[in-house]
Amino acid sequence: MHRTGVPPSRFTFSSVLNACARLPAILEGKQVHKRLIQSGLLPNNKIVETTLLDMYAKCGFLDDARKLYDEMGEKNSVTWVAMIAGYGKCGDVKEARSVFDCVRETEDASCWAAMVACYAQNGCAKEAIDMYMEMRAREVKISDVAIVGALSACTQLGDAELATTLAADVGRLCRGRGVFVWNALIHMHAKCGSLDLARKEFNAMKERDVITYSTMITALADHGQSQEALSMFQQMQNEGLRPNEVTFISILNACSHGGLVKEGCESFELMTSVFGIRPLAEHVTCMVDLLGRAGQLERAYNLVMENVELANDPGIWGAFHAACRLHGDVEMGEMAARKLGEMDPEDPGNQVVLASGYASNSDWQAAEKVRKMISGKGTKRSPGCSWISG
DNA sequence: ATAGGGTTAG
């Protein structure tokens, strides 16, 4: 960038820092930091300092971000939010909260929103809702970010009553709502039990994106409407939207729920051949589940072997093992049990699996007793539900 | 012209 002899401007530095943050690429980011100091643009340039801080935070180097933050003197809401979000992304809710506590007296709406989002992203649904309610009580401005955090928290809680309240808030407070709000709203309705409301919001949208469709596909599958999920997938492609790896997890999951073996295999093929998406462990797990439940254990096994780079994934072997049990294939089941035991011997679920895996063909019933003893539970299992977790 | 926060699977 300095071939021309013209020294890079602060704008050039900023866009390079943004690229480092997005990748993320900490080594390059640190290089830029050095050159900023060499070229005299630092210190005493708040915007450049904040960009740098955000780069460190997005790369997960919160200590470096914190150092800049502490040395910065006067802060503003952009700095605070970058710190809160940075701590939130690496799961440090406590530190995020301590930054928030330093500024909460200013009633800065973006800090409140960032904190609600941080709670929601880290599974602290209750705290997110409490904070959102406090925002309402104190009449802090509710932005799209704040409401999305609250919707996501409610989704985690599956609280239908709260869902009604929040949906009304969306109508009241977010008139020019963006696609993030729509998507979070649809997801909340679906998980809180109302596929109808999810559908209604979906139909009212004028601009949908990949996430909108992925969310609806999962919603339909969860409510037992696998065929509709497949139509949704088709509609999405007709709209010219490109499915991503999460969309395919949704669609394979829908096929698995509905026992749609042919459609599932076609979708998997479409994903790898047409869209060039390399299968993740989640995709293979769905396929093993789908084929395994249909009794096609050998096909399931072959699929795992075709994706042997994922063969250390416990989820895949767990699904395979469950299928072996469902169809009484003792030999394959033992093999899967050994794999699980090798992968994570400490896992109590795997110890249970291993106990049954040690059994010889004639000893299957004895193994069943051992297993019952260890788990301390009965053997009731519902179709489609792994006996390990059940 | 340069800075921040969010939604999908599991």
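Bear in mind that the values here come from a model prediction, so they are computed numbers and not experimental data. Within every chain, numbering begins at 1; the chains are lettered A, B, ... in the order of the sequence lines, protein sequences first and strands thereafter.
- Heavy atoms of Asn76(A) sit under 4.0 angstrom from at least one base atom.
- Among the heavy atoms of the strands, none lies under 4.0 Å from Val116(A).
- With salt bridges taken as basic N to acidic carboxylate O contacts below 4.0 Å, one links Lys262(A) and Glu266(A).
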Pair up each side-chain donor or acceptor in residues 276-284 of chain A with any protein partner under 3.5 Å, not counting sequence neighbours, and list the distances.
from, atom 1, to, atom 2, distance (Å)
His283(A), ND1, Leu280(A), N, 2.9
His283(A), NE2, Glu245(A), O, 2.9

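- Under a 4.0 Å N-O distance rule, the pair Arg293(A)/Asp289(A) qualifies as a salt bridge.
- A donor-acceptor contact closer than 3.5 angstrom is absent between the side chains of Asn183(A) and Thr215(A).
- Within 4.0 Å (heavy atoms only), Asp144(A) reaches at least one base atom of the nucleic acid.
- Across all strands, Thr285(A) comes closer than 4.0 Å to no nucleic acid atom at all (heavy-atom distances).
- Within 4.0 Å of Lys58(A), counting heavy atoms only, lie sugar-phosphate atoms of the nucleic acid but no base atom.
- Heavy atoms of Ser77(A) sit under 4.0 angstrom from at least one base atom.
- For DNA chain B, the outermost nucleotides in 5' to 3' order that have an atom under 4.0 Å from a heavy atom of chain A are dA1(B) to dG10(B).
- A side-chain donor from one of Tyr87(A) and Arg66(A) sits under 3.5 Å from a side-chain acceptor of the other.
- Counting any heavy atom pair closer than 4.0 Å across all strands shown, Glu49(A) reaches no nucleic acid atom.
- Residues Asn76(A) and Thr79(A) have side chains that bring a donor and an acceptor to within less than 3.5 angstrom of each other.
- Thr51(A) comes within 4.0 angstrom of sugar-phosphate atoms only, judged by non-hydrogen atoms across all strands, and of no base.
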